[in-house]
Amino acid sequence: MGDAASKVFVAPGKYDEFYDIVSGGFNGQISVVGLPSGRVLRIVPVFSAQPENGYGFSEETKPMLNTSHGYVPWDDLHHIALSQTKGEHDGRWAFANGNNTPRIARIDLTTFETAEILEIPNCGGNHSSPFITENSEYIVASSRFSVPVGDDKATDVPINTYKENFKGTVSFISVGEDGNMKIAFQLVTPGVNFDLSRAGKGPSHGWFFFSCYNTEQAYSLLEVNASQKDKDFIMAVNWKKAEQYIKEGKGKTVKSRYAHNKMHHDTHMAVSTMMEEVLQLDPIALKDIIYFIPCPKSPHGCDVDPSGEYIVGSGKLAALIPVFSFTKIMKAIADKDFEGDFSGIPVIRYETALHGVVEKPGLGPLHTEFDGKGNAYTSMFVSSEIVKWDLKTLQVLDRAPTYYSVGHLSIPGGPTAKPHGKYLVAYNKITKDRYLPTGPELCQSAQLYDISGDKMQLILDFPTIGEPHYAEAIPASMIKDKQVKFFKLEENKHPYVTKGEADSKVVREGNKVHVYMTSIRSHFSPDNIEGVKMGDEVYFHVTNLEQDWDVPHGFAIKGANNAEILIMPGSTQTLKWIPDHVGVTPFYCTDFCSALHQEMQGYIRVSPTNSTVPISFSLGMPSKK
Ligand code: K7E
Ligand code: CUA
């Protein structure tokens, strides 16, 4: 173990080698963890409101969580996709999915802030998402739950008409040069459950592969009824062909309401726009877009190796791991070597598409990652182990136990054409006896393995924040020097910005009171405010005047039933406060910003509704009224 300790020891003052961007599952956040130390560097709120910094609570960030259902401050975040150029990490953005209220988020890797959230319409639950193509042309969002789609008449149908009326959708979201996300087109598929997916790469660039389960099309007691068939499917999608059909005008514009939320960096404000339509393609009518490949049994993971030739299906209930060959799939399509069709979609013969199988790999295969040296690593949920196997010979090379019930695996760069290798992290579902117990809920955990040698070596256990699903790690050197240190005050275009103390003021507009406030070590301006009355809504627009790295100021006021806000240097954030009683209420800075941080405070006086106390504000005694 001494050997293991030295491998994960990052000496005080030294940096980790990788940033690991880890999904938080049902906490709706992302955590940023250093590898190999396992140290948590940051929690990035994505789909969940976060009191720590006011995300989802401040007036500027509330629109980020807007949806066609209104404000939804929580989601279930499963997968991370880092942006790529030519099949390799480029360090620009991380994408993440919201599984419950279907959404995709883009996180800017220079600020580690959520920059954009796009809702996905006509989707029952966005699990197979957000997987990315090799030049970040598209990320996908596909439905876990098929549902009836369309207008009220098309969707108000009996549940037992699943087969006729329920549809899956696969959305291709284009990513602009500036990161802007847009639903380019949506494929409407037969009703099944899509689980995971991966884009093709190299020779298979232009294709996307999805695992499908519940091809039984069950709509009740799925644990039994969706486990009837020996084989479900991998769905191969020719997205270049779909692009061509769109160009030829074969798409159909369909009314669909969904929110598109963007954080604007000049104003430091998010704007939510309600979108009204989406372009759909019917792959049954149009042909040549999608094909099914039989895959045993209830596949979960669907992973493409770094060369782009091999597609690995991990059937949760299968006793082997099938490895499909892209070359053979293309040949089968060219030869029309189909065994039939499923709801109008051609089904390629299993044997024709198969490169081979990994025999007796273990029980409950879920996910596969690659080290770029010709090896694959598959997680075995039921037998709690990682199995390393050779992509060419399909022979099992090594096994390592996990503690316990491993879900996703992550090798830095594992889903790219050039994995960085070196480490593998197992994200486990159950920890039982591994950590000090904490009541009924025990911690979730990750385990770090050194994979640089022939044998995997477990070198570290570390707890995670929330339930981890997928994670993607990137060399620290690719992003650490690109970090934004502060926002330039002169570029701040927030409508309520205050660029200097002299401009700070309090303005009444009807029953709305706008406080143009500044913060700098170690005071607010103004710090005494009078003339506010019961029935007023007070907006504290706080501009942090600091132009220095690592000097946020906080703002909190007693009784605020939202949160505090944490204002980054050079930016403006707004806390809305509705006074609920007459009297004098203190406010203060929540971030220990200087030796005189405890002095960074102020008072606001609230008078009765009928009071004649005029608005006044001041900094420094006596009051300047
Ligand atoms: Cu956790 Cu990727 Cu949602 Cu498998 S899925 S574990
Ligand atoms: Cu500002 Cu503490």
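Computed from a predicted model, the values in this text were never measured in an experiment. Atoms within a ligand are numbered from 1 in the order they appear, just like the ligands themselves. Numbers here simply count residues along the sequence, with the first being 1.
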Report task. Could you tell me whether ligand 1 has any atom less than 4.0 Å away from a heavy atom of E467? Result -> no
Report task. Check all N, O or S atoms of H78 and name the one closest to atom 3 (Cu) of ligand 1. Result -> ND1
Query raised in the report: After noting the C-alpha distance and the side-chain angles of F587 and F524, does the key distance pass the ring-ring contact (aromatic ring centres under 6.0 Å, His included) rule?
Result: CA-CA 10 Å; F587 54 82; F524 294 105; 5.7 Å; yes
Query raised in the report: S58 pairs by side chain to side chain donor-acceptor pair (under 3.5 Å) with which of H268, E564, Q573?
Result: Q573
Query raised in the report: Would T101 and E119 count as having a side-chain donor-acceptor pair, cut-off 3.5 Å?
Result: no
**Report entry** Closest H469 atom to atom 1 (Cu) of ligand 1 [N, O or S only]
**Finding:** ND1
Query raised in the report: When the ring centroid of F172 is compared with that of F208, is the distance short of 6.0 Å?
Result: yes
Query raised in the report: Counting only heavy atoms not in Y588, do more than 12 fall under 6.0 Å of its OH?
Result: no
Report task. Specify which N/O/S atom of H553 comes nearest to atom 1 (Cu) of ligand 2, by atom name. Result -> ND1
Query raised in the report: Mind checking whether atom 1 (Cu) of ligand 2 has an N, O or S of S519 under 2.8 Å?
Result: no
Requested in this report: Answer yes or no: is there an ion pair linking D76 with R144, defined by an N-O contact shorter than 4.0 Å?
Outcome: no
Query raised in the report: Should R198 and E369 count as an ion pair when the cut-off is N to O under 4.0 Å?
Result: yes
Query - atom 1 (Cu) of ligand 2 contact by H597, N, O or S atom under 2.8 Å - result: no
Report summary line: Note: N99, heavy atoms under 4.0 Å from ligand 1, region reported as neither
Query - Ligand-side contact atoms (ligand 1) for residue partner L196, heavy atom cut-off under 4.0 Å - result: 2 (Cu)
Query raised in the report: Do you see an N/O/S atom of H79, backbone or side chain, under 2.8 Å from atom 1 (Cu) of ligand 1?
Result: no
Report task. List every atom of ligand 1 that sits less than 4.0 Å from any heavy atom of K429, numbering the atoms from 1 in the order shown and giving each element. Result -> 1 (Cu), 6 (S)
Query raised in the report: For residues H78 and H408, is any side-chain donor paired with an opposing acceptor at under 3.5 Å?
Result: no
Query raised in the report: Any N/O/S atom, backbone or side chain, of H127 lying under 2.8 Å from atom 3 (Cu) of ligand 1?
Result: yes
